[in-house]
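I have placed the structure first, in the form of structure tokens, so that the comments after it can refer back to it.
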Amino acid sequence: MSSASPTTTDQDALLRAGIDRSLRHPVMFFMTSGAAWLAVSIVLGIIASAKVHSPGFLSGCGWLTYGRVFPAHINAFIYGWGFQAAFAVIIWMMARLSRKECTAAGLILVAGHVWNLVVSAGLIGILSGNGTGMPWMEFPAFTWPVMLVTYFAIVIWSFIQFRVRPEGHVYISQWYILAAIVWFPWVFLTVNTLLHCLPGHPVMGAGINAWYKSALIFLFFTPVALGAAYYLAPKVTGRAVHSYSLAKLGFWSLAIIAPWAGMQKLTGAPIPYFLPYVGAAATALLFVPALAAALNLLRTMLGNPETMSASPSLRFTTAGLTGLLVLAFAAVVLNLPDSTLPLTQFSLSGYGFEILALYGFFTFVMFGAVYFIVPRVTRREWLSRRLISIHFLFSTYGIVTIALIALFGGLQQGIGQEDWQVPFQSAATRAYPYAVATTIAWIFILISNIFFFLHLTLMWLRLGRRSSHPTLLAADHGHAVSPHGEEGDIDNAGPGTASAAH
Amino acid sequence: MSSNNSKPDLDDSINVAETHGRVVREAAACAREKRIADNGIAPISLWAFVACGVVLLVAGGILGSGGRLFSYDSTFRRDYVRTPAGGAEDAGAVPKEALAAYMAKGAKIYSAKCNGCHGSDAKGNGSTFPSLVGSKWVLGETERFSMIILNGLEGPLEDGKTYGVMPPQGIGMTPEDLAGIMTYVRNNFGNAKGDVVTIEMAKAALEISAKRKNAGKSVNGVELDADHIKALPGDVLDPKTMVDPITLAPATAAAP
């Protein structure tokens, strides 16, 4: 730490470049196939959403009925995109933070292919009518043991890297990533064993299922995204994380509160009395870890506002953390058992809350991480500032629309459902305009992500810019120089040439 | 080198300029990376504590609203009834005028029990099934009409004509059902008696039917003429009275 000599800096950079090189293929594989699944998921989401307001749409095709397309949409999102983005971030970030090259890239790559195969098989299972009907675990039952084994094959190396790391200090990102690595198999194994191997009372099964959804969001996707954000914010701005105590508060409150959340979806159902109420209270309390993390990271980034707005990574991360704050606020507002919970329990709001968590928070932070990691592992810079801006703007507009709809449309629909003196159809009528808006918002998000996928694929093909200047989102403001650096400043002029050395 | 704790290592043989060139070429992005600095030690700000405290209070309220959380006598909150939307509290069903409410109830029973023989227009077929439209026995004394419905009918009618045998319909019939069907037939299909056969009257009819001499057998014209040419006992109900359309009990709430 005390030394800043050129040699150690160079060795340091070489070590990091070595780590990046060792992980290039698995990371790029997970990111690109994840992005492809994201696009698939959004297409399915558009079809499902269109069927809500235009039931005749594609109704002739049995494979594309709502009951199949909707679970296919959400499962492709979670296991196709969410998990693969998380894998990319976990393996890269843990290698970097543990300062260890990855020695099992081939195995991870094979496991990654198996994972994709299982996701494809699961989706075919759902679309052909063989889904299990359990929300977020609709893949046919044979998939889950394979997924669990594949999961271990992918993340176990990160765990080993952590165990053999040279330094004693554990960085905040590592807490979160380790926690996610350990928490997911616990949740996944528990739920699948209880639902597939030891099925108890079906009502309790629905409760376990509701817990699984909540646990997946708050015990896997949230820690992965927070780990990434705790890495990106100080790394890009060059500032220390604002407050170490706040970080500890955020981590431990998440670890303590999150496992209790989820069962509030069963309020009023014949399950033991305390479960839904503890669930509702715990979900509201998730405000604490969310506020702690978002506040800490936003304060870190706001110390360097120019970087924050110019860096694609930080812009996406900031948006994601804003999404986290909105999510935390919604968790409080939507779970009041005597007012909002009955109104939102069976309405659009539940879907909106999940999409806010999965896309508005997790996915945005993952995009931030992708924009940071890819230039390093491919050693090319992003091709186009404009493509990144389009991706950001369309995604933001889309997700803001969906979040607003979830809150207001869900309440409207809930009021319609509660009004038992009018036909139930009035609930659908109330939800109709919001359903149309959801479809349009998904179309926006699809456009943005098709560009993202193409951009990412070009990067993997090593067609990125060969430059030593990062792609920043800084506006031109009539500068003579391009924001990407001076003309001709590319590194292929040969080793040690003047243009190559910054 | 300037490092205080640098140790002799293999990299000493590396040409610094060449290494640097390589770093710049191969690790440009890594070379310009900033270090992750040590963690900040800023204290947690007061307003963050306040915000979390407010949420703690809200969460406490949520738990509190669960009542006795660990009561295992009941597995769920019995009074967890979805709150009706504003303005609809405790109103029950919207009250209707008595005639309409009784007839609505009767219409269902007619279509279930009477429609098959007497037809949807109640005109019967002229041979086996008599017409109910304008019939003296339908529009006349209510006791006679109720006995026919409850016990069935055989033998010649008062016009001397013999139709088929009508099976008894009273099995499982509640006073509400009987009141509804009688009111319906007397005020529909072109009949317009305009009065309501109340539940009280229907109860009386069920009692009378049970106490008949030959209870359990169908009535015939002779018995009807002998015992049942009278109105059912009970107070007359103004057809415009507002009643609950489900229970048919007089509604206290005003019309909407």
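Here is how names work: the chains are called A, B, and so on, in the same order as the sequence lines, proteins then strands, and each is numbered from 1.
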Contact origin within [X] toward chain B - heavy atom pairs under 4.5 Å:
X: Leu249(A); value: side chain
X: Glu381(A); value: side chain
X: Leu266(A); value: neither
X: Phe329(A); value: neither
X: Leu97(A); value: side chain
X: Thr300(A); value: neither
X: Leu295(A); value: side chain

I'd like to check the salt bridge (Lys or Arg N to Asp or Glu O under 4.0 Å) partners of Lys235(A); sequence neighbours left out, ordered by chain and number.
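Expected list: Glu33(B).
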Among side-chain atoms of Arg24(A) and Thr378(A), is any donor-acceptor pair under 3.5 angstrom?
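Absent: no donor and acceptor within the cut-off.
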Looking just at side-chain N and O atoms, do Arg430(A) and Gln412(A) make a donor-acceptor pair shorter than 3.5 Å?
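Gln412(A) and Arg430(A) do have a side-chain donor-acceptor pair below 3.5 Å.
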Is it true that, when you exclude Leu302(A) itself, more than 12 heavy atoms of the residues, nucleotides or ligands shown sit nearer than 6.0 Å to its CG?
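Buried by this count: over 12 neighbours within 6.0 Å.
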Please rank Pro276(A), Ser245(A), Ser253(A) by heavy-atom pairs under 4.5 Å with chain B and give me the top one.
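Looking at each of Pro276(A), Ser245(A), Ser253(A) in turn, Ser245(A) comes out on top.
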Distance in Å, Leu286(A) CG paired with Leu291(A) CG, rounded so as to fall on 0.5 Å steps
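Between atom CG of Leu286(A) and atom CG of Leu291(A) there are 12.5 Å.
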Any salt bridge between [X] and [Y], counting N to O under 4.0 Å?
X: Arg379(A); Y: Asp20(A); value: no
X: Arg16(A); Y: Asp12(A); value: yes
X: Asp195(B); Y: Arg186(B); value: yes

Worked check of ring pair (Phe, Tyr, Trp, His ring centres under 6.0 Å) between Tyr230(A) and Phe251(A)
CA-CA 11 Å; Tyr230(A) 267 113; Phe251(A) 178 79; 9.6 Å; no
Option passing ring pair (Phe, Tyr, Trp, His ring centres under 6.0 Å) with Tyr231(A) (candidates Trp92(A), Tyr171(A), Trp175(A)):
Trp92(A)
Residue-level interface, residues 44-56 of chain B with chain A, non-hydrogen cut-off under 4.5 Å:
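So the qualifying residues are Ile44(B), Ser45(B), Trp47(B), Ala48(B), Ala51(B), Cys52(B), Val55(B), Leu56(B).
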